[in-house]
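Only one structure is covered here, and it is reproduced in the block below.
The sequence lines fix the lettering, A, B, ..., with proteins before strands; numbering per chain opens at 1. These numbers were taken from a predicted model, which means no experiment stands behind them.
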Amino acid sequence: MDRLVTVALALVALVWVGPYLWMVATSFKSLDELVRAPAWPIPSRFRLDAYREVFSALPVWRYTLNSIVMATLIGVLQAALALPAGYALAKLEFTGKRVAFVLVMACLIIPPQVTFVPVFTMLGPLGLVNTMTALVVPFAVSAFGTFLVRQAMLSVPNELIEAARLDGAGELTIIYRVLAPLVRPTLAAMFLFSFVYHYSDYFWPLMMTTDDHIRTLPVAVALLREQGTGVRWHIVMAGNVVLTMPVLVLFIVAQRRILRAVTARALS
Amino acid sequence: MSLRPTRTFHPYAMLAPTLAVLALFCLVPLGVAFHKSFFAWDLLTEPEPVGFGNYRALLASGELGELIVRTLAYSVVVVSASLTLGLALAVALNREGRFYAFVRSAVFSAYVVSWVAVALLWLWLLDPQAGLIARVSKGLGLTPVDWLGNPRVVLFTLAGVTVWKITGYAMVIFLAGLQDVPRSVLEAAALDGAGPWQRFRYIVWPLLRPTATFVATTSLILSFQAFDIVRVMTQGGPVRSSTIFVYAIYEQVFVNMRVGRASALTVVFFVLLLGLTGLQWWLWRKSADSRVAT
């Protein structure tokens, strides 16, 4: 029984790791090899031709930079804006607090798939399609992130804030200097999750950009296949390796943190 | 206990940017979509009011019904398969050791990688001529299946790839849930002669049920919003057999330039999501109640 389970699990591992290995193997092959023996696993030698072609067909660095800038800006803005909002919602007393909270929670159930058509028609006349603004600002606030920061702030004792006020600290100092370090695990999880998500995001950049200069990496790599003429799979897979490797490396390095971020997200 | 703000306007100023962005990119668009759904508009000429024309056209052509059935079929396959597989893997992998940790990471890694990468990868594996799967099944003497070209198969192929991508998520959440199952109870049950299946059925599963409800409803809502995999792998084809909801909205705007029609679809889509979210809350409340009761 135990041995059977082990064999089954080894098969499972193969089903999940196999495709990655296949992707890497394909990317080192030549067109000739692909045509002659597409199912032979090992390339006759390690060629970088496919990579060279990807880098000459696409301004890979530019697209990677676009993706990184976009994902970083979104992550930073989300954290920076969730802090004061979460603080007000968790700690302060004011009229309309319930309404504000309900508004934030309502947006939890409205995904980009619902908003992209109207947002596209709103941004068009403003000349904002094909700009970094269209990629970043709609995600500058994460309803869920705001909620998570609020939850984390609830457990901070009021006395701490009162003491800081007595010391003459302004509210901004309290939020960004006193409270931010206390909710750092929440902020880190939020940033990590948001960065990985938006770095890989295909949906929103596809809808909001048509121009080369603002294109992000996932959109560009998907285009490799559309321009592709039939069997040039080694080039598509080379592009795919370029797209996947940073995320896989990040996953291997930060696996524990990512796991905690995902489960915390689910169980809160 | 809440603190009094030092100045009355402080909380409003702190919330202003957050509420402004959410209003502008989440609530206002809903209103805009609703408004535009009563117009015929191609983005170039002036919008023309058509009343309920867009909704009527969607119903009359039968497109709406087909979309809903197709999207639900895809979602239900995805949810039931990833849930079952994720649970089985969580139970099998819930132990110490390098091998188990490796299998866990392997399965979960697909959840982290982008949809585009997964879609391209499987497009290549499933290629009817040179793809690994076609070659291997040919070698084994199996009848070749046109995974992406057969209109009766393609939706299930997409569901299968989605299961490959998201099973790791279900597994991880179940693994977290399994940490709440007390070892001592399991050991006592084993001493009393309960076999592995009985221990799962009578001890583990009742404790995991709320987790299962959570995973099922969240993945139902997420798979209902699937788009990337359709866009990259099939473009909704062949003969629209894999055109699911969000792809249909996209097609109306960016291929057919019918913003009014797309807005009407968006409104219906939002109402369906609202329904699914309602279902999620109801099931969640129910499982929370039953947990209190037992």
Under 4.5 Å from any heavy atom of chain A, what part of [X] do you find: side chain, backbone, both or neither?
X      : answer
B/L123 : both
B/L85  : side chain
B/Y100 : side chain
B/T167 : side chain
B/T6   : both
B/L121 : both

Worksheet item: If you measure only the distance, is there a donor-acceptor pair under 3.5 Å linking the side chains of B/W124 and A/T26?
Response: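 Yes.
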Discussion item. Between A/Y199 and B/S114, do the side chains contain a donor N or O and an acceptor N or O under 3.5 Å apart?
Written reply: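 No pair is found: no donor N or O on one side chain lies under 3.5 Å from an acceptor on the other.
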Discussion item. side-chain contact (heavy atoms from CB on, under 4.5 Å) for B/Y250 and A/V117? Distances and angles first, verdict last.
Written reply: CA-CA 8 Å; B/Y250 161 81; A/V117 174; over 6 Å; no
Worksheet entry | Ring geometry between A/F94 and B/Y12 (parallel below 30°, tilted from 30 to 60°, perpendicular above 60°) |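 Ring orientation, 0 to 90° scale: perpendicular.
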Grab the two heavy atoms, one from [X] and one from [Y], that are nearest each other, plus how far apart they are.
X      : Y      : answer
B/S2   : A/K97  : OG-NZ, 3.4 Å
B/V112 : A/S200 : O-OG, 4.4 Å
A/A10  : B/F99  : N-CZ, 3.8 Å
B/W164 : A/P19  : CZ2-CG, 3.9 Å

Worksheet entry | For A/D201, all residues meeting side-chain hydrogen bond (donor to acceptor under 3.5 Å, both in side chains), sequence neighbours excluded |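 So A/D201 forms no side-chain hydrogen bond (donor to acceptor under 3.5 Å, both in side chains) with any residue.
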Discussion item. What verdict does the side-chain contact (heavy atoms from CB on, under 4.5 Å) test give for A/F203 and B/W115, after you've listed the backbone C-alpha separation in whole Å, the side-chain angles of each residue and the deciding distance to 0.1 Å?
Written reply: CA-CA 10 Å; A/F203 183 77; B/W115 279 100; over 6 Å; no
Fill in: Residue among A/Y87, A/Y197, A/F120, A/F139 with most heavy-atom pairs under 4.5 Å to chain B
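Sorted descending by pairs with chain B, the first entry is A/F120.
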Fill in: Which of A/Q255, A/Q78, A/M237, A/E162 touches chain B most, by non-hydrogen pairs under 4.5 Å
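Maximum pair count with chain B is reached by A/M237.
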For residues 19-27 of chain B, which side-chain donor-acceptor pairs fall under 3.5 Å, sequence neighbours excluded?
none

